Structures are given as C-alpha cells and as structure tokens.
Amino acid sequence: MIDPGTATAAAEIGNRERYDAFMDVVANRITTRAFQPDYVVPREHFELIVDAARHGPSGANAQPWHYIVVTDSEIKLQISEYFVSEQARRARLGMKFPTPNYHGMGTAPGFIVVATDFRFIRAFPVLREDDPDSEVNRPYYENAERILLQSVAAATMSAHLAAAALGYNVWWVTAIGQQDAQDAIKPLLDVPDEISVIDIMCFGPPAKPIYKRWKKNLSEIMSWDRYDRSHHLSDEQLEQWIKTKRHRVMYRSQENVD
Ligand SMILES: Cc1cc2nc3c(=O)[nH]c(=O)nc-3n(C[C@H](O)[C@H](O)[C@H](O)COP(=O)(O)O)c2cc1C
C-alpha cells in the first residue's frame, strides 16, 4: 500500500513516458464477459485494485463507497443466477436492449460488489438542511444524487484501471438498479439496509480472444471554446443510432462496426 506521507511527490509536467504508460493501461482496459474459470486472483491483487479506488475523488470528500470482494464461488453463482434470470425476463418482456450473456459472472475469478450509502447525499450542498424534504430542495437533491453516483463511478473506474494495469480484462455490470436486485443480492452479502449495491466489477484472464470496441474520434467528443454542433445528433438521428448501430458497437470490434 502507498504510504500517504509519500504519495505527494510532484510529477514532472508533460512527461510523455509517464502519460504513454498510463494510456497503455487506459486503452487496454477492455471489457470481456467470459473469464478463465480456474484462475485464482491473488489476495494482494484485490487489495491493489481496491487501493486504487481508495484514492478516488468524491463530492465533499465523502468517499461514499464500499467494495465487497466475493471469493465464495457459491455466492458468485447465486448472484449471477439473478442476472441470468433477469436477462431471460427482459427477453420475455420484449426489451429491445441487446442484453449480454451473464453466465460468465458465475465463474469470474475476480468479483467485487460495489456498494454505496445514499445517505451521503445529505453531505452535498442543499438549501435547507433543517428541512431536507422540502420542495425547494428537490433540484439540489437531484444534483446531490448525481454527485454521489459520479463519485462512486470515479473511484470504481480507478479500480478497473488498476485491474487492467495488472493485466486483467474487466466487466462493469450495472444492470442492478431495481429493488428486486437489491433484495436478491444484499442478503447474500449481509449488506446493511441503508447501503445499496450499485454495480459489480468482474475481472480475470479472458476465456475468449478479446477485441477493442469502437471508440469515437477525438474530434467527435471535443470542442474548443464553443460546443461543436457538427456532431450534435437530432432526435431522429439518435433513434436511428440506437436502432442500427448500438448492437454493433457493443458486440463487434472497432474495425467491424460499419
Ligand atoms: C456505467 C457502466 C455500466 C455498464 N453496465 C453494463 C452492464 O450492466 N452489463 C454489461 O454487460 N456491460 C456493462 N457495461 C460495459 C459496457 O458495455 C462496455 O464498457 C462498453 O460496451 C464499451 O466496451 P469497453 O469496456 O471494452 O470499452 C457498463 C459500463 C459502464 C461504464
């Protein structure tokens, strides 16, 4: 673990070697949904990965996260069964989203459940601390919820990058917002009532060849001084993207999208 007293050494500005080493990790953080089932993640790797999350930024420095490392294969299987049955339910109900195959969760060597404490929303700026449920507070609470979710995502992203830096492929699973999922997962892990499970991080060596997915060009996501509208989508174009492109960008390599 990094000693907090030694973690502040200033980096040389513009050091391309350092940036390139970082980008090597960033560009090779690649999702896979099936892992080698017999691989055992050393305990130290779990610690290194969660330690990266520990350094994450958060609104009011509240650090509203908790990472539960699941090593019990029976529990992993039970959690994955929830997702597999949810996947079947969505298919039955005709949900159009191209739902992934969740069987791979059950045998993921690395399995970390990400939990948060939504009560920390009250630590972020609101108008009336004495009357948090008042109407005037609502927009501030909505924003506060976003602050909380962004905080947990920021820390979790560091954990994903740490796993990628250690050579693993990763899988970010969030299909768990609903109450049913909370009810199914929380008792298996003895999660207190006030705490919510918000995503699951799986990782390990991939079971199948991996592929880099399509990423937008820099010019498509970046503007200088004003919003560059040349890449702005109309409602119709967005609908069309969802209809024709979404499944391709999710399940095909960068070269095979078009
Ligand atoms: C916030 C967030 C939620 C995600 N939720 C899921 C999910 O529920 N199930 C899933 O299979 N993949 C999920 N993913 C993984 C994405 O599908 C994946 O990151 C995306 O297709 C891009 O591929 P890449 O990670 O290889 O760049 C999620 C990723 C993020 C960042």
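All values below were derived from every heavy atom in this structure, side-chain atoms included, with hydrogens, water molecules and symmetry-related copies excluded. These figures come from a predicted structure and were not determined experimentally. One-based numbering along the sequence shown. Numbering of ligands and ligand atoms starts at 1, following listing order.
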>> For Q36 versus P109, what's the shortest heavy-atom pair and its separation?
In response: O-CG, 3.2 Å

> Which value, rounded to the nearest 0.5 Å, describes the distance between L149 atom CG and T156 atom OG1?
Replying inline: 10.5 Å

> Which class fits the ring pair H232 and Y227: parallel under 30°, tilted 30 to 60°, perpendicular over 60°?
Replying inline: perpendicular

> Just by distance, with hydrogens left out, do Q63 and N61 show a side-chain donor and acceptor under 3.5 Å apart?
Replying inline: yes

> In terms of side-chain heavy atoms, does S230 have a donor or acceptor partner in D228 at a distance below 3.5 Å?
Replying inline: yes

> What does the list of residues with a heavy atom under 4.0 Å from ligand 1 look like, ordered by chain and number?
Replying inline: R29, I30, T31, R33, P100, Y102, W171, W172, V173, T174, A175, R213, K215

> Per the ring pair (Phe, Tyr, Trp, His ring centres under 6.0 Å) rule, which among W172, W171, F46, Y39 passes with F203?
Replying inline: F46

